[in-house]
J.: 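Handing you a structure now.
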Protein chains: 2
Amino acid sequence: MPKIVDHEQRREELAAAVWRLASRDGLDAVTIRAVSAEAGWSTGALHHYFSDKEELLLFAFQTVADRVGRRVATAREESRDPLELARALLAIGLPLDDERRDETRVWFAFLGLALTRPPLARAQRLAYDQWRRIVADALRDAQQRGDIDAEVGVEREAAALVALVDGLAVQASFDPGCLDVGLVDERLAGLRSAPAR
Amino acid sequence: MPKIVDHEQRREELAAAVWRLASRDGLDAVTIRAVSAEAGWSTGALHHYFSDKEELLLFAFQTVADRVGRRVATAREESRDPLELARALLAIGLPLDDERRDETRVWFAFLGLALTRPPLARAQRLAYDQWRRIVADALRDAQQRGDIDAEVGVEREAAALVALVDGLAVQASFDPGCLDVGLVDERLAGLRSAPAR
């Protein structure tokens, strides 16, 4: 029987191997050699997908971004109203369980690499643009229903909330005990009466 | 004339070389070999200071932390009242000029490395504990003077402000145009009337 190579399935195998390596050993462990060993592929086979380390790192970032994208879809399905959706979208960035702890730690690990890698910096910028936009959209929907104050500037408030969540996640990445989700909830609750303009 | 080796001066030379490398080329460029070349030392001389890459990275982190410590001292000297001091202490974490841009980028680059290096994670935790504490102290002083509402919980407010600043800095590290310092000022202004408990 001839081998049937399903391109999509092979990409997912690779993504899973990259994710296991990155979450277990950090991004400096994500090399062509290590990924081929982890996936059980030859390095030659890997070179069909990535010509160099830079492409492999972009793929690794996309792997984490895809995990986050699936959480966004779930939040949309499960939230009963726009304010609950905004909270769920923000909670995606908080290390509230082991999986999200791994995700945020690997996510932030890319910051250091982006310093000298413009394509990675661009991918991160787009990811944050999108995050702020979907949170702002949820806040705008909440505002139209009268669930938050009409004076709230939803774009800036989304930027403040995403920054707050990100800052909490940064610190929780090396100090899990300091994560105070109440700070996010209090800021959301404050939108009913105390607007950011 | 015999060589007079001033230990402190040599450490500062090393710190300067590490800083130039890290801010220019990223932390993955900070190796024993590269630092010795940058400082104009032999790798053997460097091994008197660091037995391995891990010790070199801790030294590099300390180099950035020392730069931040000098900014804290300046903020204390120059601030005219506690609320202005709180703002100045927070602004240390914001990439408002080229130097702080380099500092925050290198600072965040350590996040990824700490994932698999407990001594680095511990150093980061201590640095943030201290940052939150000095901001909380400044807010407490402001509260005692009646400059902010008596109901504000200064510890939690300091945690929220530091997280907000850190989150803004994360995003500004790859997207300088998105830095909105007004979000910090508005939160500080809100402490006169709208407390976080």
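Values reported hereafter were calculated over all heavy atoms of this structure, with side chains retained and with hydrogens, waters and symmetry mates removed. Sequence lines set the chain letters: A, B, ... in the order given, protein chains first and strands last, and positions in each chain run from 1.
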J.: Regarding B:Arg67 and the six-membered ring of B:Trp107, is the cationic atom NZ or CZ under 6.0 Å from the ring centre and inside 45° of its axis?
T.: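 No, B:Arg67 does not lie over the aromatic ring of B:Trp107.
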J.: Tabulate, in ascending numerical order, the residues of residues 118-147 of chain A having at least one heavy atom closer than 4.5 Å to a heavy atom of chain B, or enter 'none'.
T.: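 The residues closer than 4.5 Å to chain B, in numerical order, are A:Ala121, A:Gln124, A:Arg125, A:Tyr128, A:Asp129, A:Arg132.
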J.: Decide yes or no on salt bridge (Lys or Arg N to Asp or Glu O under 4.0 Å) for A:Arg24 and A:Glu38, but give the supporting numbers first.
T.: CA-CA 12 Å; A:Arg24 189 179 66 214; A:Glu38 180 75 28; 3.1 Å; yes
J.: When only heavy atoms count and the cut-off is under 4.5 Å, which of residues 159-171 of chain A reach chain B?
T.: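 Checking residues 159-171 of chain A against chain B gives A:Ala159, A:Ala160, A:Val162, A:Ala163, A:Leu164, A:Asp166, A:Gly167, A:Leu168, A:Val170, A:Gln171.
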J.: Salt-bridge test for B:Arg192 and B:Asp149: reply yes if a basic N is under 4.0 Å from a carboxylate O, no otherwise.
T.: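 B:Asp149 and B:Arg192: not salt-bridged.
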J.: Answer yes when A:Arg117 and B:Asp28 have at least one side-chain N-carboxylate O distance shorter than 4.0 Å, and no when they do not.
T.: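 So A:Arg117 pairs with B:Asp28 through a salt bridge.
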J.: Under a plain distance cut-off of 3.5 Å, with no hydrogens placed, do A:Thr74 and A:Glu78 share a side-chain donor-acceptor pair?
T.: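 On atom types as modelled, these side chains do not qualify, holding no pair under 3.5 Å.
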J.: Only pairs under 3.5 Å count here: list side-chain donor-acceptor contacts from residues 174-181 of chain B, not counting sequence neighbours, and write none if there are none.
T.:
| unit_1 | atom_1 | unit_2 | atom_2 | d |
| --- | --- | --- | --- | --- |
| B:Asp180 | OD1 | A:Arg156 | NH2 | 3.1 |
| B:Asp180 | OD1 | B:Gly182 | N | 3.1 |
| B:Asp180 | OD2 | A:Arg156 | NE | 2.7 |
| B:Asp180 | OD2 | A:Arg156 | NH2 | 2.9 |

J.: Using non-hydrogen atoms and a 4.5 Å limit, figure out which bit of B:Ala172 sits close to chain A: side chain, backbone, both or neither.
T.: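 Neither part; nothing is under 4.5 Å.
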J.: Within residues 11-19 of chain A, which positions have a heavy-atom distance to chain B below 4.5 Å?
T.: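 Within residues 11-19 of chain A, no residue comes under 4.5 Å from chain B.
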J.: What residue in A:Ala114, A:Ser23, A:Gly93, A:Ala109 has the most heavy-atom pairs under 4.5 Å with chain B?
T.: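 Looking at each of A:Ala114, A:Ser23, A:Gly93, A:Ala109 in turn, A:Ala109 comes out on top.
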J.: Kindly compute the distance separating OG1 (B:Thr43) from CZ (B:Phe50), expressed to the nearest 0.5 Å.
T.: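 Those atoms lie 13.0 Å apart.
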